[in-house]
Amino acid sequence: MSSPETPAPERREVTVRRAPKYVPFLILGALVGIAVAAFIAFGIPGDENWDPSAVFGFFLVLCGAGGAVLGAIAALVLDRLSVRRAERAVVESVPESDGDDLP
């Protein structure tokens, strides 16, 4: 009987880097924007003609969107920094076993 030949392992060069996830940065930026809107509406004395909840709603849209944009910019900057710190590595494929090799 002939023994099955094992294929030669395939070697490839890959780039390894740590890239940020954008959604958490967007969410965190929006939450910070919401906190800023709440501080502006309820923490700073304003005009008596305006209801603080209406002021909060107005600034909620502006500060929430602005915070999300700033979070996206922060993620983009970190992504560019991770490209600079990328490392090259050589990987080698491992042939799959049929399960017959197990004791």
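Hydrogens, waters and symmetry mates are skipped; everything else that's a heavy atom, side chains included, is used.
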Donor-acceptor contacts under 3.5 Å from residues 67-90 side chains, at least two apart:
unit_1	atom_1	unit_2	atom_2	d
D79	OD1	R17	NH1	2.7
D79	OD2	Y22	OH	3.1
S82	OG	R17	NH1	2.8
S82	OG	R18	O	3.4
S82	OG	D79	O	2.7
R88	NE	E13	OE2	2.8
R88	NH1	T15	OG1	2.4
R88	NH2	E13	OE2	3.1

Can you give each donor-acceptor pair under 3.5 Å made by side-chain atoms of residues 37-56, sequence neighbours left out, with the distance rounded to 0.1 Å?
unit_1	atom_1	unit_2	atom_2	d
D47	OD1	N49	N	3.4
D51	OD2	S53	OG	2.4

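Linking Ile, Leu, Val, Met, Phe, Trp and Tyr whenever their side-chain heavy atoms come within less than 4.5 Å puts F59 and V36 in one cluster.
By the side chain to side chain contact (heavy atoms under 4.5 Å, CB included) test, V91 is found to be paired with R12, V14, residues two or more places apart in sequence or in another chain being considered.
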